[in-house]
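By convention in this document, chain letters (A, B, ...) are assigned in the order of the sequence lines, proteins followed by strands, and residues within each chain are numbered from 1. Computation of the quantities below employed the complete heavy-atom set of this structure, encompassing side-chain atoms and omitting hydrogens, waters and symmetry-equivalent molecules.
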2 protein chains.
Amino acid sequence: MDTSEHTRHKDRPGGSPAHQDRPGGSPASEDVPQRPRDAQGTRARILHAAGAVFAERGYEAATVRDIAGRAGVNQALIFRYFGSKKALLTEVMAQGGKEQLSNTPADRLFETALRGVLVEGGKPGTDRLMAVYLRSIGSADAAPETVRALGEEYATALASLSSADDSKLRAQLAMAWLLGIGLMRVVVGQEPLASAEPDEICGHVLTALEGLLGERN
Amino acid sequence: MDTSEHTRHKDRPGGSPAHQDRPGGSPASEDVPQRPRDAQGTRARILHAAGAVFAERGYEAATVRDIAGRAGVNQALIFRYFGSKKALLTEVMAQGGKEQLSNTPADRLFETALRGVLVEGGKPGTDRLMAVYLRSIGSADAAPETVRALGEEYATALASLSSADDSKLRAQLAMAWLLGIGLMRVVVGQEPLASAEPDEICGHVLTALEGLLGERN
DNA sequence: CCCTTATGTAAGCAGACGCTTACAATGCTA
DNA sequence: TAGCATTGTAAGCGTCTGCTTACATAAGGG
């Protein structure tokens with residue numbers, strides 16, 4: 001069928017040996033103009049590119065050749081640094097997952113996460129972790145496990161807000177809503193949900209969940 | 001190293017030439033004991049097998065060889081009857097999608113759909129249409145389109161319950177919750193959500209959504 | 001009976017895939 | 001300068017994929 005559809009970054013054209021300068025807005029860019037043999041930098045570039053490709057195509061449709069091409073790196077390095085494609089996905093998912101959890105008080109956690117989905121999910125600039133989750137959840141078995149583990153922690157934190165005996169179930173229902181909204185916006189793109197203002201969605205959802213999460217019983 | 005990750009149904013084991021009689025508990029089995037050249041029956045068997053395989057593995061991970069094997073049919077027939085793997089998915093998704101919509105009054109629609117997800121989604125016996133949606137939504141571009149179209153109709157019907165000016169957005173939020181719950185139960189399998197009683201979940205969700213869907217403003 | 005059409009089968013094609021291997025640079029240290 | 005581990009590269013291996021082709025049956029009609 002298609003075989004084409006996405007731009008094939010063939011390879012570096014001529015004899016120029018591989019280094020292609022700093023790609024630009026790297027974080028806290030050192031003054032070092034060229035670092036031709038930088039393991040950490042290469043690892044980071046691979047991780048970043050992998051996040052982007054997984055977010056765009058999902059785990060199965062993404063290829064290590066695509067990732068290597070986007071990172072400007074030989075694909076053999078992916079296996080040197082990460083071992084396998086699956087391990088790469090796991091690493092991508094693991095990075096940055098728990099930061100929000102430890103930096104946010106429980107009673108602000110849900111709204112923060114929801115706004116994260118609403119804002120971060122769509123823009124191509126951000127790391128789009130949620131898109132990786134949503135697009136890969138059906139295929140790779142690593143994805144459901146990671147989502148389950150991460151969701152477990154969110155739900156536990158969220159459950160502490162309610163003293164109901166089924167507080168965990170309630171918290172998981174709230175998390176499920178969050179995921180569903182992300183799915184509809186990012187992957188399905190259903191209107192008017194996909195273009196609605198985060199504030200409006202937040203208002204509706206938080207109002208509806210008031211009883212579920214906050215009630216004394 | 002593994003490269004495999006999921007059980008590979010290698011191929012038909014021995015020299016036995018692929019025929020393998022009527023598998024037994026086929027749905028509403030006609031009395032016809034053997035119909036060696038039955039186009040409609042073959043088509044139906046392929047569709048049924050495709051639904052099962054797509055539901056279990058998702059679109060990308062499912063192979064036409066798997067589907068053909070499960071249907072007890074030569075894989076070339078899949079392309080004769082459906083043209084392509086993607087067209088097969090579309091057909092699988094299209095079947096039975098709108099029946100519920102036309103058979104259910106709007107004010108019972110959401111609960112009916114929700115219970116459908118909660119009951120049908122898990123059991124391996126049923127056709128598990130929801131599982132196909134959830135597992136394939138990230139990969140095949142046919143899936144998001146179908147989900148969007150179907151969700152559009154559900155949301156429109158649901159929106160008629162509210163006279164709010166953003167009633168459609170509200171309805172889509174409700175549908176998103178439904179999808180998210182299905183995702184968490186069927187694909188992720190997060191406990192205690194995955195094993196919770198449909199009645200309990202229904203109660204929580206319907207209570208929370210009362211204001212969203214029913215309110216006069 | 002042959003001819004045509006519908007149905008099923010066996011084999012394979014061309015390409016993409018994850019991953020490996022053999023080897024060239026590079027930098028560090030002694 | 002020699003030795004060595006680290007980092008990067010080119011090429012390909014074996015397998016799987018969706019899909020096609022050439023051919024075997026079966027039914028039906030003249």
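Each of A:Ala39 and B:Phe79 lies near DNA chain D, and the nucleotide nearest A:Ala39 is the one positioned closer to the 5' end.
Here C:dC19 is the nucleotide among C:dC19, C:dA11, C:dT20 with the atom lying nearest to any side-chain atom of A:Lys85. Here C:dA10 is the nucleotide among C:dA10, D:dG18, C:dC19 with the atom lying nearest to any side-chain atom of B:Ala76. Out of D:dG18, C:dC19, D:dA10, the shortest distance to the side chain of A:Asn74 is found at D:dA10. Checking D:dT17, D:dT7, D:dC19 against every side-chain atom of B:Gln75, the shortest atom distance belongs to D:dC19. When each of D:dG8, C:dT9, D:dG18 is scored by its nearest atom to the side-chain atoms of B:Val64, the top-ranked nucleotide is D:dG18.
Between the CZ atom of A:Arg80 and the P atom of C:dC23 there is a distance of 15 Å, rounded to whole Å. Rounded to an integer number of Å, the gap from CZ of B:Arg65 to P of D:dT20 is 13 Å. Between the P atom of C:dA16 and the CD atom of B:Glu60 lies a distance of 15 Å, rounded to the nearest Å. Computed from coordinates, the B:Ile46 CD1 to C:dT7 C1' distance equals 11 Å when rounded to whole Å. As a whole-Å value, the separation of B:Asp66 CG from D:dC19 C1' is 16 Å. Atom C1' of nucleotide C:dT26 and atom CG of A:Leu77 are separated by 14 Å, given to the nearest angstrom. Between A:Lys86 atom NZ and C:dC17 atom P the separation is 19 Å, expressed in whole Å. Distance, B:Ile78 CD1 to C:dT7 C1': 15 Å, rounded to whole Å.
The residue A:Ala62 sits close only to the backbone: its heavy atoms come under 4.0 Å of sugar-phosphate atoms, none of a base. Across all strands, B:Tyr81 comes closer than 4.0 Å only to sugar-phosphate atoms, never to a base (heavy-atom distances).
Both the sub-6.0 Å distance and the 45° axial angle are satisfied by A:Lys85 relative to the ring of A:Tyr59.
At a threshold of 4.0 Å, the pair A:Arg70-A:Asp66 does not count as salt-bridged, since none of the basic side-chain nitrogens sits closer than that to a carboxylate oxygen.
B:Ile181 is not listed as a side-chain neighbour of A:Trp177, based on a closest heavy-atom distance of 4.5 Å or more. You'll find the side chain of B:Leu183 stays beyond 4.5 Å of the side chain of A:Val147, heavy atoms only.
Between the base of C:dA25 and the side chain of A:Arg37 there is a donor-acceptor pair shorter than 3.5 Å.
Listed pair A:Thr42 / D:dT7 fails the phosphate criterion, with no side-chain N or O lying under 4.0 Å from OP1 or OP2.
The CG atom of A:Leu178 sits 13.0 Å away from the CD atom of A:Gln172 when rounded to the nearest 0.5 Å.
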